[in-house]
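Report on the following structure.
Chain identifiers are assigned alphabetically (A, B, ...) following the order of the sequence lines, protein sequences preceding nucleic acid strands; residue numbering begins at 1 within each chain.
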Amino acid sequence: MADETKSAKSGADATRPAAADTETGLPKAYRPGEVEHAIFARWVDADVFNPDGKGSRADWSKQPFVIIQPPPNVTGSLHLGHAQRSTVEDLMTRHARMQGRPALFLPGLDHASIAAQYVLDKLLAKKGESRQSLGRAKYLERMWQFVDETRQTILSQQRRVGASLDMTRVRFTMDEFSARAVREAFTRLYREGLAYRTEALIHWCPGCRTSVSDLEVIPKETTGSLWTMRYHLLDEQTGAPDPDAWISVATTRPETLLGDTAVAVNPEDPRYTALIGRQAMVPFVDRGVPIIADSVVDMAFGTGAVKITPAHDNDDYETGKRHGLSMITVLDDAARINENGGQFAGLDRFEARRQIVEALQERGEMDSIKPHEMLLGRCQRSDDVVEPRLKTQWFIRVAPLAAAALEATRSGRTQILPDRFVKVWEHWMTEMRDWNVSRQLWWGHRIPAWYCPDGHVTVTQDPAGPVACEVCSRPAADLHQDEDIFDTWFSSGLWPFSTLGWPDNTPDLERFYPGSVMETAYDIIFFWVARMMMLGIHLTGEAPFHTVYLSGLIRDPYGQKMSKTKGNSVDPLETIEEVGADALRFALVNGTAPGNDSRLGAEKLENARNFTNKLWNVARFVLGARPASIPSGAPRELPNRADVGPADRWILSRAAATVAAVDEAMRLYAFGDASQILYEAIWNEYCDWAVELAKIRLGDASLSTAEHETTWWTLVDVLDTYLRLLHPIMPFVTEEIWERLPHLSSDPALLIVADWPTVVAYAVDADAEREVNALLELVRAVRNARAEARIEPAAWLPVDVYVPDALGPTFDALQSAIERLARARPLDRSSSLDSVRGAVDGGLSVIVGDIEAVVRPVARDEAQSERDHARLERELAEAQALLASARARLANDAFTSKAPPTVVEVARARAAELEELVGRLTQRLN
RNA sequence: GGGCGGUUAGCUCAGUUGGUUAGAGCGCAUGCUUGACAUGCAUGAGGCCAGAGGUUCAAGUCCUCUACCGCCCA
């Protein structure tokens, strides 16, 4: 027995053949794996993802809704972050589509220049090949082959999640759409002076052999060393180094001394005042350099004197510029010491460091070596230590672009959600340095700049290149194109409009630009959102979207970032196999708020799966409960107002409230709220009560056929509403169930294009809600009293109940339901409170609102009475405490005079209610 | 060094503009093969809302400070 229970709980029965309900033919448990592919195929066949598709029901008089998908890397595969973002994007798209708006969810892939090269290089290395051994043309050929193999992977994986992407418009950042946009954008920026080429200190990754932008350098805490070494002063007369006089400088990078062109001290530092203006000798290269004063030098750091290497350090570069120092590059592209490094030329940077330190120690010129905590910049891609170095590169002048982007967010034309990120955004956009857009890589868009032998630059959007040099008119044959390519993010920055055909004024650009929502994870707000905003506003004159929705990151159950190497990653595809796409989607949305990281583990997924199953089963029930008088396949009818019972009115009203609540949540982009509202409405109201009440009504022979039919149509009506509301979040199971429900003649064949529900005014019924709620409370109270008194749950016990006259008709209508749900039989409604009170006689007292009841156990039991007494005393104590605080509040003149009258009124009513309750409880206890 | 976020039930998290008794899932306890569902049902226990001040008739919610955790930027 125990084993059986265990195996059932662990889900091992999933392998057993489904026990199909004879009535409906539906399996007992929802089996997503058996239906998801077919449902997706139905959507595709119906051609509903494309707003122009034959199945589209888009109303073009409505504002289109457009999400251009953040393009995943072409070489990548689906991870949970993608799944989460696709879900959120897709649910917004589906919601808009059901509202009848032309809804476009445009898919794409990113060529991911540096990341793709990194992946391919590793594959090549396994075969003993390399970028260098293949050469540019062959290498790119291999890349295209590779990309052709991988490009379908992630697109098809996203479809497993249910993403309703319009595959007729799929784009790639290396396709001709993108290429044209890149050439055009760059040429315009160049002509406007916003793109320029200059030698500057850039970040160089020796592993990737390219420059990288500020953002691609990841500072990491590292324990390095602080070396303090002697630079001998030069004799002011002879210019020869003085063996007895030196200045000790502290550095974390001794090998760069080969490129030193000064020693700097703080002008306020009394220790060095006398030395300012003197010369010191850089060891090994034997170069005399000035001792300069600059206030950037931190007197507390090391000895207070630092070496200045303008060509290999960001701060030193600035210092060098201020003081007109020469800049000597001592590293080559592989980060080996170059010809300027004298005896160390040819050595790797770390080997050079080792040898220099050793040599200084041998000479006795090393004062000290201390461990030192510092931040070391590493390459985002390869993790190599990034070298600052001088290179001639293309830059985008960001200040004017950033100003326009800031104006867009400040004016509210683009809103950032959640709004706390506005501050981060502002800070970044104000401080941003010019963007180095050239990369010394091969996989990407080649920079459309040509140089003549005299060094003149010609930039053109013509793919064939210029006819002649713009400056000296040399023929094209004398010109050569820039070898470099663009930073991946340059083409990504054009994505919101390059995908729609920009720079041509295509119908798609006309209709779908600017887009609606840019949904992305907050960690690429600078990489991507900033660039789309800057380039979009500048090149098209409009902000590319009205809302930036920033998602949080998905973490494992312990709050760790998921990663394959850590082995804590959840594979979305495996999860879909196990629990279905809907459950995954629900788990990724429920309990999350925009911008907040969330954790995903087995529990959440299991809960979501259970919810899917709950929905499936209640649908099975509804389908199987169709009164025989309604023929199978009959078109749907709305509940007849003349025949509805109180419970029907109650759930119809609750459903209307749910529609309103979900609408509000969707309006606020509070998708976690929307999912929670639906979870509770479906499970706690519809399944737990509405269906239970309907069962009894449907089986009540004293009611007319019309009443039975109306109750069933009510169940169908509400289920239909919930399926529509839930569809954006859980598209598969809702579509599967909806297909089996009766439809109105105005309904389309598929839920995906069915109308979004509206609040039906006649369904709103405050009386029904209040009255039925009161009676449900009675049921709960009776159950509670029985459970607390430890009465056999199956026992039917007589109950006498008093309800106020106002509740009388509703009570009578629900009498048989209350009997069944509270296991109260016979259930006698007394005409007066006194007769109920008079009948207590050892029974259980139930007091709920202004309803009182007595549950009469078959056998008298002293212990049972005591437990009941104890429960009442607890209730009394609680009520008394609440009453005391309510009274205290009302006794406060400040409250009654200053609080809004409605609040005071509510408080008075509450106090009166509590007073009444205390009275009743006291009466029962005596 | 500057900035942002978090701290709410044993765990993971919701909590809209301040307004009755702070919610959910999981877990826990006690029961239940109730004619859709044991992936279920019923009932229950469990919270000084990190700490200290302040504003207010009223604070989980607004303000200030402190502590710890996390992230971003330099």
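- Side-chain proximity of A:N892 to the nucleotides B:rC57, B:rG40, B:rG44 is greatest for B:rC57.
- Between A:W425 and A:F421, the ring centre distance reaches or exceeds 6.0 Å.
- Minimum atom distance to the side chain of A:R620 is reached by B:rC37, of the listed B:rC73, B:rC37, B:rG40.
- Candidate nucleotides B:rU39, B:rA24, B:rA36 were compared by shortest atom distance to the side chain of A:Q676, and B:rA24 ranks first.
- A:Y679 comes within 4.0 angstrom of sugar-phosphate atoms only, judged by non-hydrogen atoms across all strands, and of no base.
- Base contact: A:E692 has a heavy atom under 4.0 Å from a base atom.
- Using a cut-off of 4.0 Å between Lys/Arg side-chain N and Asp/Glu carboxylate O, A:E769 and A:R654 are scored as salt-bridged.
- Atom name C1', nucleotides B:rG70 and B:rA24: the rounded distance is 24 Å, in whole Å.
- For the pair A:M374 CE and B:rG1 C1', the computed distance is 19 Å after rounding to whole Å.
- Remark: P of B:rA42 and CD of A:E792 are 18 Å apart, rounded to the nearest angstrom.
- Note on ring orientation: taking the six-membered ring where Trp is involved, the planes of A:F671 and A:Y549 are tilted (angle from 30° to 60°).
- Among the protein residues, A:A907 comes within range of no part of the nucleic acid, since none of its heavy atoms lies under 4.0 Å from any strand.
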Secondary structure of RNA chain B per the Watson-Crick/G-U criterion (both distances under 3.5 Å; [ ] crossing, | other strand, . unpaired) is (((((((..((((.....[...)))).(((((.......))))).....(((((..]....)))))))))))).
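- Taking atom P in both B:rA59 and B:rG53, the straight-line distance is 14 Å, to the nearest Å.
- For A:F895, taking side-chain heavy atoms from C-beta onward, the closest of the listed nucleotides B:rG19, B:rU39, B:rG40 is B:rG19.
- Taking atom CZ of residue A:F671 and atom C1' of nucleotide B:rC13, one finds them 19 Å apart after rounding to whole Å.
- The pair A:D893-A:K898 does not meet the salt-bridge criterion, since no charged nitrogen lies less than 4.0 angstrom from a carboxylate oxygen.
- Side-chain N/O atoms of A:K28 and base N/O atoms of B:rA36 include no donor-acceptor pair closer than 3.5 Å.
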* To do: For A:T711 and A:R697, run side-chain hydrogen bond (donor to acceptor under 3.5 Å, both in side chains): C-alpha distance rounded to whole Å, both residues' side-chain angles, the deciding distance at 0.1 Å, then the answer.
  => CA-CA 7 Å; A:T711 288; A:R697 194 169 154 89; 2.5 Å; yes
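- Distances were taken from every side-chain heavy atom of A:S885 (C-beta onward) to each of B:rU39, B:rA36, B:rU21; the shortest belongs to B:rU21.
- A:P900 comes within contact range of at least one nucleobase, with a heavy-atom separation under 4.0 Å.
- Note on A:E664: nothing from the nucleic acid sits closer than 4.0 angstrom, heavy atoms only.
- For B:rG40, one of the phosphate oxygens OP1 or OP2 lies less than 4.0 angstrom from a side-chain nitrogen or oxygen of A:N610.
- Across all strands, A:W425 comes closer than 4.0 Å to no nucleic acid atom at all (heavy-atom distances).
- Note on A:R874 versus A:E878: no salt bridge recorded, every NZ/NE/NH1/NH2 to OD/OE distance being 4.0 Å or above.
- For A:K898, counting side-chain heavy atoms from C-beta on, the closest listed nucleotide (B:rA36, B:rC57, B:rU39) is B:rC57.
- The same atom, C1', is picked in B:rC11 and in B:rU17; the two are 32 Å apart, to the nearest Å.
- Salt bridge annotation for A:R823-A:E819: absent, with no cationic side-chain nitrogen under 4.0 angstrom from a carboxylate oxygen.
- Within 4.0 Å of A:E680, counting heavy atoms only, lie sugar-phosphate atoms of the nucleic acid but no base atom.
- Using a 4.0 Å heavy-atom criterion, one finds that A:K604 contacts no nucleic acid atom at all.
- Within the 4.0 angstrom heavy-atom criterion, only backbone atoms of the sugar-phosphate kind lie near A:D673; the bases stay farther away.
- Judged by the 6.0 Å and 45° rule, A:K695 forms a cation-pi pair with A:F621.
- Annotation: the span from A:R790 atom CZ to A:D868 atom CG amounts to 12.5 Å, rounded to 0.5 Å.
- Distance, A:R667 CZ to B:rU16 C1': 10 Å, rounded to whole Å.
- Within 4.0 Å (heavy atoms only), A:D688 reaches sugar-phosphate atoms of the nucleic acid but no base atom.
- Note on A:E578 versus A:R609: no salt bridge recorded, every NZ/NE/NH1/NH2 to OD/OE distance being 4.0 Å or above.
- The nucleotide whose nearest atom lies closest to any side-chain atom of A:V424 is, among B:rA36, B:rG31, B:rC72, B:rC72.
- Nucleotides B:rC68 and B:rA50, compared at atom C1', are 8 Å apart to the nearest Å.
- Of the candidate nucleotides B:rU39, B:rG44, B:rG5, B:rG44 has the atom nearest to the side chain of A:N784.
- Here, B:rG47 and B:rG10 have their P atoms 7 Å apart, quoted to the whole Å.
- Side-chain atoms of A:R420 lie closest to B:rC4 of the nucleotides B:rC26, B:rA36, B:rC4.
- An OP1 or OP2 oxygen of B:rG40 is reached within less than 4.0 angstrom by no side-chain nitrogen or oxygen of A:W616.
- The separation of B:rC63 from B:rG6, taken at their P atoms, amounts to 11 Å, rounded to a whole angstrom.
- Counting any heavy atom pair closer than 4.0 Å across all strands shown, A:R889 reaches a base atom.
- Residue A:R910 is in base contact, counting any heavy-atom pair closer than 4.0 Å across all strands shown.
- If you check B:rA36, B:rU43, B:rG40 against the side chain of A:R783, the one that comes closest is B:rU43.
- Atom pair A:R867:CZ and B:rA45:C1' shows a separation of 17 Å (rounding to whole Å applied).
- Whole-Å rounding puts the A:I218 CD1 to B:rA74 C1' distance at 14 Å.
- Rounded to an integer number of Å, the gap from CG of A:L917 to P of B:rU21 is 14 Å.
- Comparing B:rG15 with B:rU7, their P atoms sit 10 Å apart, to the nearest whole Å.
- In terms of position along RNA chain B, the nucleotide closest to A:N613 lies nearer the 5' end than the nucleotide closest to the other residue of the pair A:W689 and A:N613.
- Annotation: A:H372 is in aromatic contact with A:F301 [ring centroid separation under 6.0 Å].
- Nearest-nucleotide assignment on RNA chain B puts the 5′-proximal partner with A:L882, out of A:L882 and A:R874.
- Atom name P, nucleotides B:rG60 and B:rU16: the rounded distance is 13 Å, in whole Å.
- Residue A:L698 contributes atom CG, which lies 13 Å from atom C1' of B:rA36 at whole-angstrom precision.
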